[in-house]
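Inspection log for the structure reproduced underneath, given as structure tokens.
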Amino acid sequence: MEMFRGGSQLMVMNCYPPCPQPNLTLGMSPHSDYGFLTLLLQDNVEGLQLHHEEKWVTVHPVPGSFSVNVGDHLEIFSNGRYRSVLHRVLANHTKSRVSVVSIHSFPFDATVRPWAELVDEANPSLYRDTSFACFMDYISSSEPKRKNFLESRKLPS
Ligand SMILES: O=C(O)CCC(=O)C(=O)O
Ligand SMILES: [Fe+2]
């Protein structure tokens, strides 16, 4: 698809050292990923949880496999048909944990908006136009944050 030409890839490596009091903290706070699709490789230490039907569900590591998460851009592009997944990482009392995350999306200078074929009078756009600059403004602002970046891009219904 033309919009993906020159697409972006962000790689993040996370290392979570053992935590003496895991009940008092999190390895990573709840968030959804900025991007279209995330490929995530975790080692054999559990910690990743997805928010599903009001509960946190552990993603059990399967050796040699990737988890694939829907990101904010796919939710916006599909005008809400696919939902980006809220996830978090628990801290572990005894073991350190490593994960490698590869976030794939449109080019960094693209404006992300619902695909025109999915928007009409009966299905109005549910999201504000979004760019990497909006994301940077959001994460660097001192405004009180809503649940995540995507929430700040939703149009009032
Ligand atoms: O460590 C993990 O399993 C998840 C990391 C993550 O969600 C992220 O880097 O965005
Ligand atoms: Fe993430």
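Both ligands and their constituent atoms are indexed starting at 1 by order of listing.
- Neighbouring protein atoms of the Fe ion (ligand 2) (N, O or S, distance under 2.8 Å, waters ignored): His31 NE2, Asp33 OD1, His87 NE2.
- Residues passing the salt bridge (charged side-chain N to carboxylate O under 4.0 Å, His left out) test with Asp43: none are found, sequence neighbours excluded.
- Looking only at distances, a side-chain donor or acceptor of Arg153 sits under 3.5 Å from a matching main-chain atom of Asp129.
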Find all protein N or O atoms under 3.5 angstrom from an N or O atom of ligand 1 and list the pairs with distances, or write 'none'.
unit_1, atom_1, unit_2, atom_2, d
ligand 1, 1 (O), Tyr16, OH, 2.6
ligand 1, 1 (O), Arg97, NH1, 3.0
ligand 1, 1 (O), Ser99, OG, 2.6
ligand 1, 3 (O), Arg97, NH1, 3.3
ligand 1, 3 (O), Arg97, NH2, 2.9
ligand 1, 7 (O), His31, NE2, 3.1
ligand 1, 7 (O), His87, NE2, 3.0
ligand 1, 9 (O), Asn14, ND2, 3.1
ligand 1, 10 (O), His31, NE2, 3.1
ligand 1, 10 (O), Asp33, OD1, 3.2

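- Between the side chains of Gln49 and His87, no donor-acceptor pair of N or O atoms lies under 3.5 Å.
- Proximity of Cys134 to Phe149: side-chain heavy atoms (C-beta onward) are separated by under 4.5 Å at one or more points.
- Remark: the His31 side chain and the Ser29 side chain contain no N/O donor-acceptor pair separated by less than 3.5 Å.
- The side-chain contact (heavy atoms from CB on, under 4.5 Å) search around Val59 returns Gln42, Leu48, Leu50, Ser67, not counting sequence neighbours.
- Val62 and Leu39 fall into different hydrophobic clusters, defined by Ile, Leu, Val, Met, Phe, Trp and Tyr side-chain heavy atoms under 4.5 Å apart, directly or through other members.
- A ring-centre distance under 6.0 Å is not found for Tyr82 and Phe77.
- Note: His73 and Phe106 have tilted aromatic rings, judged against thresholds of 30 and 60 degrees for the angle between ring planes.
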